[in-house]
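To start, the structure itself, in structure tokens.
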2 protein chains.
Amino acid sequence: MVVYRELSDSLRGAIERGEFKEGEQMPTEAEICERYGVSRHTVRQAFQSLVADGLVYRVPGRGTFVTRLSRRGKYLRSIGTLEEMMSWTGTEMEVMQPVEITEDVEHARRLELPSAEVATLRVRRMYGGRPFVMTQIYLTPEAGERLREKNLPASGPGTVIGTLEEILPSPIVGASQELTAIPSPRFISGLIDCKPGEPLLYVERLYYLEDGTPVELAISYYNPKRYSYRLELRRGGAH
Amino acid sequence: MVVYRELSDSLRGAIERGEFKEGEQMPTEAEICERYGVSRHTVRQAFQSLVADGLVYRVPGRGTFVTRLSRRGKYLRSIGTLEEMMSWTGTEMEVMQPVEITEDVEHARRLELPSAEVATLRVRRMYGGRPFVMTQIYLTPEAGERLREKNLPASGPGTVIGTLEEILPSPIVGASQELTAIPSPRFISGLIDCKPGEPLLYVERLYYLEDGTPVELAISYYNPKRYSYRLELRRGGAH
DNA sequence: AAGTGGTCTAGACCACCAT
DNA sequence: TGGTGGTCTAGACCACTTC
């Protein structure tokens, strides 16, 4: 484990245990250098991570302060980063239709595939035993094949994209999302406990690798009575 | 202007002008150090900003590469950062109800105010002359007073939060958002060209200062036929 | 005047990738 | 084996805040 990561974890833990209270000033860089026996650069790297997570904020000439609790961890799920999306704790997945290969020109094009061949599967997600989202997933045929060999369990925790991440040779680095509201299609409503025509939260999400190659297109239909999309925006750190 | 910022702007410009093509390898850190006469640390700071914006990606042992164009600037509006939200180019604001002070226990509580007194105003946003969103805004009485003195124009480009930013003594550093789908309330539908009961995209957004103090609560109703919320997720740089 | 975080330099070692 | 980015050290100067 690298030093700055250990240091930031240590500081993060101290904040979460309440050893530094909200609004309070944190130790200065110089103090931490001495106490942990590391260079100032390493301390700054550690703080950078805490600032990015919104746990602390820094004011030149004054110091480093713990962000007020009311602005943190307020929500059970705040999906503002890719990591959070890939390990969705507290919910369960149920595979409704296992991976199969089909011809689908439109979704093959979305995945920038050369032919019309795509892999597809359908999953449902439950919270407290009740379904709140139905997702149709499209994959490149290669990814679909690997997922089939892996033998995805019919139900349980975890996510398809998280499973895929373990299988693929290179990491998933991003996703572009589009959210809107639509009337519930008839074939969806029964699966997530709502009536046809009622408003649904519709989300399209395209995951891609570091070179920009798309690997998964996920189209989700959320029951808005059981789920709302929460998101934290922050002013960029390096701008 | 600081050096690393000049350097990152220079590299950003070169990428946008197509001097480094998509997928192509960028100059190495050592090359840039020599060419610009700066230290390696400064070059790394500059690259950090480009990575955060998704313009380039870096692979240990191999090099730095320009992200494929299809993963960037694909959308007219991709609201993934606070900056983008505060200067919403291409759209126009229309004030439907100017700032007034009222008593409103619920929204005063959301703004963590000591009394029930809040300032409120209602604005509509147009794209190509057609309305696509109605927003009810709640402010602290102080912020509302300042906004009223400023004499917000009845219509034009810009945003309320952007105007507020110029007025306030300390900067807005973040916002927490919640998105869901609702049936259109009767009092909204006529204002954004849709029918009562049709699905709307409903967004609540609470802006706050660096110490966590809330300053503005914006509740927006979007016509989903004219707007969808686009968002880019990336794997964190400092995690 | 002393202390804070922000920036910058010069140098070092490492794991990893390509050849 | 040489080159890449990732990490770390030790030291410096600066603008700004606080006293």
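Just so it is clear: chains get the letters A, B, ... in the order the sequence lines come, proteins before strands, and each one is counted from 1.
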### Degree of bending, the helix from C/dA1-D/dT18 to C/dA18-D/dT1 (end axes from five pairs; round to 10°)
0°
### Query
Going by an N to O cut-off under 4.0 Å, is there a salt bridge joining B/Glu216 and B/Arg205?
no
### Task
Calculate the interatomic distance between A/Glu34 atom CD and C/dG3 atom C1'; express it in whole Å.
15 Å
### Query
So, are A/Arg148 and A/Glu145 salt-bridged, with charged N and O less than 4.0 Å apart?
yes
### Message
Could you tell me the boundaries of the chain A footprint on DNA chain D, defined by atoms under 4.0 Å from its heavy atoms?
### Response
D/dT7 to D/dT18
### Message
Go nucleotide by nucleotide along DNA chain D from the 5' end; which of B/Gly63 and A/Val3 gets its closest nucleotide reached first?
### Response
B/Gly63
### Query
Are more than 12 heavy atoms from other residues, nucleotides or ligands located less than 6.0 Å from atom CD of A/Glu34?
no
### Query
Do A/Thr120 and A/Glu100 meet the criterion of a side-chain donor-acceptor pair at a distance under 3.5 Å?
no
### Task
Starting at atom CD of A/Gln45, determine the distance to atom P of C/dG5, rounded to an integer number of angstrom.
16 Å
### Task
For the residue pair B/His41 and A/His41, categorise the inter-ring angle as parallel (less than 30°), tilted (30 to 60°) or perpendicular (more than 60°).
perpendicular
### Query
Of all residues at least two apart in sequence or in a different chain, which pass the side chain to side chain donor-acceptor pair (under 3.5 Å) check with B/Ser10?
B/Tyr36
### Query
Should the pair A/Arg58 and A/Phe47 be classed as cation-pi, given the thresholds of under 6.0 Å to the six-membered ring centre and 45° from the axis?
yes
### Query
Taking atom C1' of C/dG3 as reference, at what distance in whole Å does atom CD of A/Glu31 sit?
11 Å
### salt_bridge(B/Glu29, B/Arg44) N-O dist < 4.0 Å
yes
